[in-house]
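Everything numeric in this text was worked out from a predicted model, so none of it was measured.
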There are 2 protein chains.
Amino acid sequence: MPEQYRQLGMKLTPQRLAILHYLSGNGTHPSAENIYKDVLKQFPTMSFATVYNTLDALAEKGGLKVVTVDPDKKRYDPNTGPHHHLYCIKCKNIVDINKEFKIRLSDEMRRDFDVLAVCIEFHGICRKCKK
Amino acid sequence: MPEQYRQLGMKLTPQRLAILHYLSGNGTHPSAENIYKDVLKQFPTMSFATVYNTLDALAEKGGLKVVTVDPDKKRYDPNTGPHHHLYCIKCKNIVDINKEFKIRLSDEMRRDFDVLAVCIEFHGICRKCKK
DNA sequence: ATTTTACTGATAAATATTATCATTTTAGAA
DNA sequence: TTCTAAAATGATAATATTTATCAGTAAAAT
């Protein structure tokens with residue numbers, strides 16, 4: 001797991017390891033604040049700058065996905081494989097969908113636009129929020 | 001067109017008409033700031049509060065879609081019919097795709113989650129940005 | 001061990017959005 | 001029309017999220 005950082009050309013610091021540890025296998029799609037608050041327990045001097053620096057660096061190098069389904073804030077997803085999301089508009093929970101959907105733009109559109117990723121978001125109400 | 005407001009149970013004001021006029025048929029997916037700056041030309045006293053109030057009211061009543069594909073800010077879409085989006089990660093332009101894709105969650109998932117909308121976003125590089 | 005490079009974290013700042021509220025305007029009733 | 005209730009405007013303040021700055025520090029390369 002720490003190798004992931006090295007392979008991405010990032011320096012290994014205890015703070016970053018703590019962030020990576022929090023993210024690893026985390027399917028809750030945490031916000032920067034969620035991450036900050038958790039890592040703060042181990043590093044009382046942790047600052048938001050470090051959280052954002054690390055997330056930005058990871059995202060840029062492809063070690064993390066930024067999820068934009070929540071209109072209020074960015075959410076982060078350590079699952080970098082192809083997958084999609086359920087988003088509950090009431091509780092704001094995001095859940096991975098690992099099913100693959102066969103989606104394809106027309107050849108004409110693909111000539112004009114290099115598709116790098118396809119994000120499918122199902123917006124709705126989760127079971128808990130249905131009461 | 002003004003009827004759209006009335007039907008939604010909103011009061012007709014000159015400011016709102018200007019916002020609606022700017023949005024009507026607008027395929028650029030403007031931000032609140034884009035809208036504010038345009039309407040300001042006709043209403044020098046226009047405030048952001050009015051823009052946000054109007055957008056929120058319209059969105060809540062279904063007369064407007066909030067697009068969350070741009071991580072930096074909310075974008076607004078007067079096209080309320082089912083459609084999807086191309087998003088250029090370089091110039092941040094958003095383009096409508098009116099093609100329909102046959103996407104369906106498994107019956108099992110649909111039991112646990114009431115799907116209200118499906119958003120498909122193609123992230124990539126548009127023709128202009130390819131140089 | 002030393003140097004280079006990059007990270008941390010305190011802080012400030014920028015940006016986006018929401019809240020408050022006195023004044024004004026709309027829409028419908030009288 | 002005029003009056004009235006309800007709702008909108010806009011000035012302003014406040015909050016939230018994210019980015020920028022930079023001196024001190026720590027990690028990795030030499």
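- Defining each end axis of the helix from C/dA1-D/dT30 to C/dA30-D/dT1 as the rotation carrying four pairs' C1' atoms onto the next four, with five pairs an end, the two axes are found to diverge by 30° to 10 degrees.
- Side chains of B/Asn98 and B/His84: no donor on one and acceptor on the other come within 3.5 Å.
- Environment of NZ in A/Lys99: crowded, with over 12 heavy atoms of neighbouring residues, nucleotides or ligands closer than 6.0 Å.
- In this structure, the NZ atom of B/Lys74 is 14 Å from the P atom of D/dA16, given to the nearest Å.
- Atom CG of A/Leu55 is separated from atom P of D/dT17 by 14 Å (rounded to the nearest Å).
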Per-nucleotide protein contact along nucleotides 23-30 of chain C, 5' to 3', at a 4.0 Å heavy-atom cut-off (B base, S sugar-phosphate only, - neither), is ---BS---
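- With contacts defined as side-chain heavy-atom distances shorter than 4.5 Å, the pair A/Leu40/A/Thr45 does not qualify.
- Under the ring pair (Phe, Tyr, Trp, His ring centres under 6.0 Å) test applied with B/Tyr36, the options B/Tyr52, B/Phe48, B/Tyr22, B/Phe43 reduce to a single match, B/Phe48.
- Rounded to an integer number of Å, the gap from A/Ile35 CD1 to D/dT18 C1' is 14 Å.
- Between the side chains of B/His85 and B/Asp77, a donor-acceptor pair is found at a separation under 3.5 Å.
- As a whole-Å value, the separation of A/Leu17 CG from C/dT8 C1' is 14 Å.
- Between A/Leu40 atom CG and C/dG9 atom C1' there is a gap of 12 Å when expressed in whole angstrom units.
- Proximity of residues 43-53 of chain A to DNA chain C (heavy atom under 4.0 angstrom from any strand atom) is restricted to A/Thr45, A/Met46, A/Ser47, A/Ala49, A/Thr50, A/Asn53.
- Closest approach of A/Phe113 to B/Tyr87, counting heavy atoms only: CZ-O, 3.3 Å.
- Between the CG atom of A/Asp56 and the P atom of C/dC7 there is a distance of 12 Å, rounded to whole Å.
- Under 3.5 Å, the side chains of A/Thr50 and A/Asn53 contain no donor-acceptor pair of N or O atoms.
- Atom C1' of nucleotide C/dA14 and atom CD of B/Glu33 are separated by 12 Å, given to the nearest angstrom.
- Side-chain contact between B/Leu86 and B/Ile94: absent, with no pair of heavy atoms (C-beta onward) separated by less than 4.5 Å.
- Applying the 4.0 Å criterion to OP1 and OP2 of C/dT15, one finds that A/Lys73 has every side-chain N and O outside that range.
- Heavy-atom contacts from other residues, nucleotides or ligands closer than 6.0 Å to CZ of A/Arg110 number more than 12.
- If you take CZ on B/Phe101 and CD1 on A/Ile120, they are separated by 9.0 Å, rounding to the nearest 0.5 Å.
- A sub-4.0 Å separation between OP1 or OP2 of D/dG10 and a side-chain N or O of B/Gln15 is present.
- Mapping B/Arg75 and A/Arg16 onto DNA chain C via the closest heavy atom, the residue that lands nearer the 5' end is A/Arg16.
- Rounded to a whole Å, the CG atom of A/Asp70 is 12 Å from the P atom of C/dT17.
- Within a 6.0 Å radius of NZ in B/Lys90, other residues, nucleotides and ligands contribute 12 heavy atoms or fewer.
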